[in-house]
**Student:** 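Below: one structure in structure tokens.
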There are 2 protein chains.
Amino acid sequence: MAKSSTPSRERIVAGAADMISRRGLSATSIREMAKHAKAPLGSTYHYFPEGKQQLATEAVRYTGEWVARALRKELEAGPVEGLRAFLALWRAIVVESDFRAGCPVLAVAIEEAPADEIPPALAAAAEVFDQWESLLAASLRAHGAEAERAAQLATLVVASVEGTVAMCRAKRSMEPLDRTAEQLEALVAGAIRG
Amino acid sequence: MAKSSTPSRERIVAGAADMISRRGLSATSIREMAKHAKAPLGSTYHYFPEGKQQLATEAVRYTGEWVARALRKELEAGPVEGLRAFLALWRAIVVESDFRAGCPVLAVAIEEAPADEIPPALAAAAEVFDQWESLLAASLRAHGAEAERAAQLATLVVASVEGTVAMCRAKRSMEPLDRTAEQLEALVAGAIRG
DNA sequence: CTCTGGCTATAACGATCGTCATAGTCTACC
DNA sequence: GGTAGACTATGACGATCGTTATAGCCAGAG
């Protein structure tokens with residue numbers, strides 16, 4: 001085989017990320033994910049033999065990589081431009097879904113509360129947040145921001161955007177993101193200036 | 001009857017809020033909520049005849065009121081003190097649950113993505129966010145902050161704390177909240193000074 | 001004491017869940 | 001052309017979901 005490298009597997013992952021971002025992890029069944037990706041149910045267990053956890057983990061990582069790629073590219077023009085791209089990206093997801101979709105990474109991070117062990121999907125979410133923060137912090141430092149402040153600001157950006165997206169969905173309004181955007185842009189601009 | 005006003009009903013709501021904050025709405029069953037509150041399943045439908053939606057709605061409002069009460073009290077000492085109390089409150093929830101609990105309002109806000117109509121629990125979440133923002137913004141304005149800036153900052157505080165709590169849970173570390181706290185305190189202090 | 005009505009106990013309803021097993025199809029290579 | 005192995009089709013498993021129904025309990029009012 002091999003030629004294939006069918007986008008089938010990737011379609012499932014991307015579709016899973018989308019559905020998780022709308023309804024949360026445990027409200028999204030494997031059957032629905034398969035149907036949404038026009039793949040048979042059997043295929044999901046063929047590609048993801050460890051079941052739902054594996055699929056959720058890959059969906060988180062997929063989203064993480066997708067956002068990180070956009071972030072890396074836009075950060076080349078500077079931290080403010082990177083921030084603006086980050087904001088625009090989430091704005092588009094919320095607007096284009098008519099306030100129904102958000103961030104699948106946050107959705108997974110919130111729904112996993114095991115007693116004994118850490119599920120892989122939760123660990124993946126932590127790594128994705130770290131990755132986004134690292135990209136922002138590195139760019140801030142490269143433009144003159146002090147290290148500690150850069151780290152703090154990067155965390156604030158990721159956290160507040162995640163929270164704001166959820167608030168926009170609840171309120172069915174983009175005003176929270178507008179407000180957060182203005183504050184964050186001023187903060188980032190100030191950090192690389194002084 | 002009437003004398004009763006048994007705390008039974010309230011116990012169910014409080015327990016539901018706690019469980020939702022740990023596992024999310026759809027991962028929390030009514031049976032488990034009843035058991036957690038040591039109430040029979042029948043009672044749940046007696047007190048909340050509209051079922052899970054009603055219970056979720058009341059859990060959101062219950063949490064909203066509880067936080068708002070703490071916020072109102074501590075804001076009397078000023079915006080910075082109010083912010084600190086807000087941060088301490090969420091810090092305690094995360095730490096005392098060993099990173100397993102978060103904010104039930106956020107959990108509900110994220111898990112509801114209906115096609116046709118807005119579920120009452122989601123509307124309640126929007127109102128709770130609004131309430132928290134209003135309290136913070138009013139305090140900021142009362143201490144000299146310009147109105148627009150106060151509103152923006154209030155949104156940023158609520159959103160970033162919500163997001164940070166989720167990040168702390170995923171990373172199993174309080175570092176994100178430490179960083180966010182420092183940034184927010186500086187911002188609030190700056191806003192009421194100039 | 002009787003009776004009323006808030007609360008509980010118990011069982012069931014259809015639906016759907018995650019997961020697995022098994023047999024079948026198809027394609028790529030020898 | 002035949003064989004291997006990737007993928008699909010189908011159906012079942014036990015469990016659990018939200019919800020409802022019905023019968024029973026038990027305190028307080030008359």
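Lettering follows sequence order; numbering is per chain, from 1. Hydrogens, waters and symmetry mates play no part in the numbers below; they use all other heavy atoms, side chains included. Quick caveat: nothing in here was measured; it's all calculated off a predicted structure.
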**Student:** Locate the shortest heavy-atom distance separating A:A159 from B:S160; write the atom from each residue and the value.
**Tutor:** CB-O, 3.7 Å

**Student:** Counting C-beta onward and ignoring hydrogens, is there a side-chain heavy-atom pair between A:W132 and A:V105 closer than 4.5 Å?
**Tutor:** yes

**Student:** For the NZ atom of B:K171 and the CG atom of A:L122, what is their distance to the nearest 0.5 Å?
**Tutor:** 12.0 Å

**Student:** State whether B:E74 and B:R84 are salt-bridged, where the test is any N-O pair (Lys NZ or Arg NE/NH1/NH2 against Asp/Glu carboxylate O) under 4.0 Å.
**Tutor:** no

**Student:** A:K35 has an atom NZ; how far is it from atom P of D:dA9, in whole Å?
**Tutor:** 13 Å

**Student:** Between atom OH in A:Y47 and atom C1' in D:dC7, what is the gap in whole Å?
**Tutor:** 6 Å

**Student:** Between atom CG in B:L55 and atom C1' in D:dT19, what is the gap in whole Å?
**Tutor:** 14 Å

**Student:** Please state how far atom CG in B:L25 lies from atom P in D:dC17, giving the value in whole angstrom units.
**Tutor:** 13 Å

**Student:** Would you classify B:S26 as touching base, sugar-phosphate or nothing, given that sugar-phosphate means primed atoms plus P, OP1 and OP2, and contacts are heavy atoms under 4.0 Å?
**Tutor:** nothing

**Student:** Measure the distance from CZ on B:F48 to P on C:dC7 and round it to the nearest whole Å.
**Tutor:** 11 Å

**Student:** Using atom CD of A:E32 as one end and atom C1' of C:dT19 as the other, report the distance to the nearest whole Å.
**Tutor:** 16 Å

**Student:** Can you check nucleotides 10-16 of chain C for protein contacts, nitrogen or oxygen pairs under 3.5 Å, and list what you find?
**Tutor:**
none

**Student:** Can you check whether B:F99 reaches B:V165 side chain to side chain, under 4.5 Å on heavy atoms?
**Tutor:** no

**Student:** By nearest heavy atom, map B:T44 and A:I30 onto DNA chain C; which one lands nearer the 5' end?
**Tutor:** B:T44

**Student:** Atom NE2 of B:H46 to atom C1' of D:dG24: distance rounded to whole Å?
**Tutor:** 15 Å

**Student:** Taking the side chain of B:Y45 as its heavy atoms from C-beta onward, which of C:dG18, C:dC7, D:dG18 lies nearest to it?
**Tutor:** D:dG18

**Student:** With nearest nucleotides of DNA chain D determined for A:S43 and B:P49 from heavy-atom distances, which residue corresponds to the more 5′ nucleotide?
**Tutor:** A:S43

**Student:** If you take all heavy atoms of B:A109 and A:A166, which pair is closest and at what distance?
**Tutor:** CB-O, 4.3 Å

**Student:** Less than 4.0 Å between a side-chain N and a carboxylate O, is that true for A:R169 and B:E111?
**Tutor:** no

**Student:** Starting from P on D:dG18, measure out to CD on B:Q54 and report it in whole angstrom.
**Tutor:** 15 Å

